[in-house]
> 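Before we start, here is the structure in question, set down as structure tokens.
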Amino acid sequence: MPGPVSLCTAADVYHRIGGQAALAQLIDPEGTGTWSPSVLTLAIQDASSEVIMAAGVQSMVTATSQAQYQERFPELVTLAAQRALVLVWIYGTSGRAMPAHIETIGTMATQKLDDLRARKAKHGAVDFSPEPAHRIASVDNDPNSNRMTLSSWKTGFC
């Protein structure tokens with residue numbers, strides 16, 4: 001069984017930092033100009049999981065391909081790429097201090113994740129509304145007509 005599809009691609013992460021060469025230069029701890037793409041893959045997977053968990057509080061985030069995520073959830077793709085940039089820095093630099101611009105992106109991404117968890121932010125493309133995570137229906141507080149409520153007192157004595 002194949003693993004989950006990531007929300008963003010390596011190219012999405014590169015675009016947030018200025019290209020593949022800029023990312024390699026930032027996270028190359030030995031200064032050799034090379035780095036392991038598996039670190040980026042892991043950061044993308046972890047960032048995608050974080051974003052899907054946060055968004056899952058309010059809706060079902062489902063798609064079968066990366067292209068469908070791009071089409072249906074562009075905000076989540078951007079958020080996953082921003083979070084992946086922070087994670088690739090953490091995973092790939094052996095504890096070096098984070099540059100201010102990456103820290104700023106990380107702070108913004110964390111705030112957006114918190115907004116998703118608290119249901120303060122909508123996600124989904126303009127023409128796509130995700131299915132709610134919880135059943136939305138009116139609630140009958142006396143489904144068997146055997147509870148004493150203010151409405152039953154009112155109708156019983158009028």
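Basis for what follows: all heavy atoms, side chains included, without hydrogens, waters or symmetry-related copies. Count residues from 1 along the sequence.
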> Answer yes or no: is there a side-chain heavy-atom contact under 4.5 Å between L76 and Y69?
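A side-chain contact under 4.5 Å is absent here.
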
> Decide yes or no on side-chain contact (heavy atoms from CB on, under 4.5 Å) for L116 and L79, but give the supporting numbers first.
CA-CA 11 Å; L116 280 173; L79 185 55; 3.7 Å; yes

> Tell me which one of L87, V88, I90 satisfies side chain to side chain contact (heavy atoms under 4.5 Å, CB included) with V39.
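Of the listed options, the one satisfying the test is V88.
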
> Would M98 and T93 count as a side-chain contact (heavy atoms from CB on, under 4.5 Å) if you check the C-alpha gap in whole Å, the side-chain angles of each, and the deciding distance to 0.1 Å?
CA-CA 9 Å; M98 188 177 291; T93 61; over 6 Å; no

> What are the two closest non-hydrogen atoms of C8 and V77, and how far apart are they?
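Between these two residues, the closest heavy atoms are CB-O, 3.8 Å.
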
> Over all heavy atoms of both residues, which pair between E71 and P74 is shortest? Give the atoms and the distance, please.
O-CD, 3.9 Å

> Give the minimum heavy-atom separation between A47 and A80, together with the two atoms involved.
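It is CB-O, 3.4 Å.
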
> Mind listing the closest non-hydrogen atom pair of L40 and A10 along with its distance?
CD2-CB, 3.6 Å

> Inspect the contact between D114 and R117 and indicate whether a charged nitrogen and a carboxylate oxygen are less than 4.0 angstrom apart.
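Looking at D114 together with R117, the answer is yes, because their closest N to O distance falls below 4.0 Å.
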
> Taking C-beta and beyond as the side chain, do Q70 and D12 meet within less than 4.5 Å on heavy atoms?
yes

> Report yes or no: does S6 contribute a side-chain atom to a donor-acceptor pair with the main-chain N or O of I44 at less than 3.5 Å?
no

> Does any part of the side chain of R16, heavy atoms only, come nearer than 4.5 Å to the side chain of L23, both counted from C-beta?
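Sidechains of R16 and L23: no contact.
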
> Distance only, no hydrogens: is a donor on one side chain within 3.5 Å (strictly under) of an acceptor on the other, for D46 and S49?
no

> CD1/I17 to CH2/W89 distance, rounded to the nearest 0.5 angstrom?
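Taking CD1 in I17 and CH2 in W89, the distance rounds to 8.5 Å.
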
> Between CZ of F73 and CG of L7, what distance do you get to the nearest 0.5 Å?
8.5 Å

> Would you compute the distance between atom OG1 of T78 and atom CE of M108 and round it to the nearest 0.5 angstrom?
10.5 Å

> For A43 and A84, work out which heavy atoms get closest and say how close.
CB-O, 3.7 Å

> Between L113 and R83, which heavy-atom pair has the shortest distance, and what is it?
CD1-CD, 4.3 Å

> If you round to the nearest 0.5 Å, how far is OG1 of T110 from CD of E50?
8.0 Å

> Working to the nearest 0.5 Å, report the span between CG of L85 and CD1 of I105.
5.0 Å

> With Y14, which residues qualify under side chain to side chain donor-acceptor pair (under 3.5 Å), at least two apart?
none

> Are P99 and I102 side-chain neighbours, meaning at least one heavy-atom pair lies under 4.5 Å?
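Result yes, sub-4.5 Å side-chain heavy-atom pair found.
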
